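Take a look at the structure below.
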Amino acid sequence: MSPRGARARRANGKKYATWLAAGVVVLGGTAVTAAASAGGEGAGPGDGTRSAKAHALALDGKDPKRRALPRTGTPTFSLVGVSWEDSGDTFEGTAQIRTREAATGEWSEWHDLDFDIRAPESTEGEEPEVRGASEPLWVGPSDGVEARVVADGEETAVPEALRLDMIDPGETVKGKGNGKDNGGTQGGGKGDAEPPTSGAPTGPAPGAVPAQEPTGPAATTIPTAPTAPAVVSRASWGADESLVQDPPSYLNEVDAVFVHHTAGTNDYTCADSPAVIRAILTYHVRTNGWNDVGYNFFVDKCGTVFEGRAGGVDRPVLGAHTYGFNSYSSGVSLLGDYENGGTPTAAARQAIADLAAWKLGLHGVDPEAEVALTAAADTGVWKKGQVATLNTISGHRDGYATLCPGATLYSALPGIRTTAGASPYAIGN
């Protein structure tokens, strides 16, 4: 068993003890659990914060091809998804949920959940606690849920240990679950946020020991690049670092940037962005079973850039975002849905272009060029071992069989590449 697996089992033992102490309720064979972060379900360490929490409802039933959950009251949550026991069991079917708004008691329309997530092809994806899962859906503060899951095809069935996962993003010092108001720090109106990180990029958090130090030419000869774009640090958006069990792993270099969208909804305010990201972090760790949030960076519709996976924004951190190509690339995800009518704002497009230009420039890569990368797994687009010719700024769908980053964001990528090439953050500009 890997060190992380052993630590996870010890952590799970403590978690179950916490549930028992809190009085986990089991009704009709369905367990309602409250899996908080290591910081506990209540207030943070005397600073007025409240840790994110993960709740789960088992979707039990006798029909092998269908599960349904009637309207059910729940603890408050803001993000929801579906998960199952075996990450290698690819779900073929549809899942829909509707939620009850906590403030008004009104029920939403039905929303489809996307099944584009794959456990990373690295050892992180081989841990025993890794689960299969849908993409999470941001719904805002809610206290009730209804769900229906149907497997498609003659030989398909609903996966084992199917459950509904609900995430409460918690609160930071400023409260209301929204963290600091970063709504206008880059590309939007004015906010009262702590300024994002700028100037010299930050390195790994104090005490972090890389699992794999960079080797090869990139470790000793890195082209000089301009100052980094402004990036909101993990501390500023309220990342719960107790969720992350293992130190980051590093690539030799970043050859490409893959652009994603978080899907879900565009009905978030930019003040909500830190809470959305905290919820995704909790979902990726508590639901998916990953070590940290999968994306290296996030961008919101106001053009604010947020640090994603820990390890240093200026370093080639191994993420979990583009199955088959994680070991060559950095992943940036735009908050929102750009497949079902959403259009990326000019501020968001500029922020993605500047970020990609800078990140690629650290490794001497032209953001308007192409690169040949060998697929590390079968992705539905490329076979394992096949050499893929890709743009150095590509969409998720270029590497993996998915609709991500959505039709409108994908169609904006040629312009984003051109903007990146002219960016003041690009190498040589």
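Computed over heavy atoms, backbone and side chain alike; hydrogens, waters and symmetry mates excluded. Everything quoted here is computed from the prediction, not taken from an experiment. Here, residue 1 is the first one in the sequence, and each next residue gets the next number.
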Lys/Arg N to Asp/Glu carboxylate O, E368 vs R417, below 4.0 Å: no
Considering all heavy atoms of both residues, which atom of I117 and which atom of P136 are nearest to each other, and what is their separation? CD1-CD, 4.3 Å
Check step by step if side chain to side chain contact (heavy atoms under 4.5 Å, CB included) holds for N266 and Y338. CA-CA 8 Å; N266 299 309; Y338 299 96; 3.9 Å; yes
With heavy-atom distances below 4.5 Å as the criterion, would you say the side chains of D337 and H261 are in contact? yes
Distance (rounded to the nearest 0.5 Å) between I352 CD1 and L413 CG: 8.0 Å
Residues K384, D378: salt bridge by 4.0 Å N-O rule: no
Test item: M166 and V145 side chains (from C-beta on) under 4.5 Å apart, heavy atoms: yes
Side-chain touch L164/V82, heavy atoms, less than 4.5 angstrom: yes
So which heavy atom on R71 is nearest to which on W107, and how close? NH1-CD1, 3.2 Å
Without swapping roles, check the side chain of S242 against the backbone of D240 for a donor-acceptor pair under 3.5 Å. no
Backbone of Q245 reached by a side-chain donor or acceptor of N291 within 3.5 Å: yes
In Å, rounded to the nearest 0.5 Å, how long is the span from OG1 of T262 to CG of L137? 9.5 Å
Just verifying a value: how many Å separate H396 NE2 and T379 OG1, rounded to the nearest 0.5 Å? 8.5 Å
Distance from Y425 atom OH to L362 atom CG, nearest 0.5 Å? 13.0 Å
Over all atoms of both residues, closest heavy-atom pair of G81 and S134: CA-OG, 3.6 Å
Start with the C-alpha distance between T269 and D272, add both sets of side-chain angles, then the distance that settles side-chain hydrogen bond (donor to acceptor under 3.5 Å, both in side chains), and finish with yes or no. CA-CA 5 Å; T269 69; D272 289 332; 3.2 Å; yes
Would you confirm whether R278, through its side chain, and G170, through its main-chain N or O, come within 3.5 Å as a donor-acceptor pair? yes
Should E339 and R397 count as an ion pair when the cut-off is N to O under 4.0 Å? yes
Shortest non-hydrogen contact from V299 to A351? CG1-CB, 3.9 Å
Spacing of CZ belonging to F325 relative to OG1 belonging to T374, to within rounding of 0.5 Å: 8.0 Å
Given S108 and R98, is the side-chain hydrogen bond (donor to acceptor under 3.5 Å, both in side chains) satisfied, shown in steps? CA-CA 5 Å; S108 71; R98 61 191 309 182; 5.3 Å; no
Would you mind checking if D168 and R50 are paired as a salt bridge, meaning a charged N to carboxylate O distance below 4.0 Å? yes
Over 60° means perpendicular and under 30° means parallel, so classify the ring planes of H321 and F258, tilted if in between. tilted
Derivation of the side chain to side chain contact (heavy atoms under 4.5 Å, CB included) call for F91 and L162: CA-CA 11 Å; F91 177 57; L162 189 69; over 6 Å; no
Checking the side chain of Y268 only, and the main-chain atoms of A275 only, is there a donor and an acceptor separated by less than 3.5 Å? no
Whether R309 engages the ring of W290 as a cation-pi pair (distance to the six-membered ring centre under 6.0 angstrom, angle to the ring normal within 45°) should be assessed. no
Write down the atom of G399, the atom of V381, and the distance for their closest heavy-atom approach. O-CB, 4.0 Å
Under 6.0 Å between the ring centres of Y295 and H260? yes
Any side-chain heavy atom of V231 within less than 4.5 Å of one from F306? no
Working note: V365 + V254, criterion side chain to side chain contact (heavy atoms under 4.5 Å, CB included); need CA distance, chi angles, decisive distance, verdict. CA-CA 8 Å; V365 176; V254 173; over 6 Å; no
With side chains defined as the heavy atoms from C-beta onward, is the minimum distance between S233 and E307 less than 4.5 Å? yes
Does E121 use its side chain to pair, donor to acceptor, with the backbone of G324 at less than 3.5 Å? yes
Is the side chain of S423 donor-acceptor paired with the backbone N or O of T419 at a distance under 3.5 Å, no angle test? no
Any chance the rings of W138 and Y283 have centres within less than 6.0 Å? no
For S273 and L335, run side chain to side chain contact (heavy atoms under 4.5 Å, CB included): C-alpha distance rounded to whole Å, both residues' side-chain angles, the deciding distance at 0.1 Å, then the answer. CA-CA 8 Å; S273 299; L335 301 185; 3.8 Å; yes
Side chains of V259 and L334, heavy atoms from C-beta outward: is any pair under 4.5 Å? no
Are any side-chain N or O atoms of R286 and backbone N or O atoms of A54, one a donor and one an acceptor, separated by less than 3.5 Å? no
Check D292 with R234, please: is the shortest side-chain N to carboxylate O separation under 4.0 Å? yes
Non-hydrogen side-chain atoms of L373 and D255 separated by less than 4.5 Å: yes
Side chains of T408 and P344 in contact at under 4.5 Å (non-hydrogen atoms): yes
For the atom pair NZ (K359) and CG (N296), what is the distance rounded to the nearest 0.5 Å? 6.5 Å
Shortest non-hydrogen contact from S83 toward D165: OG-OD1, 2.5 Å
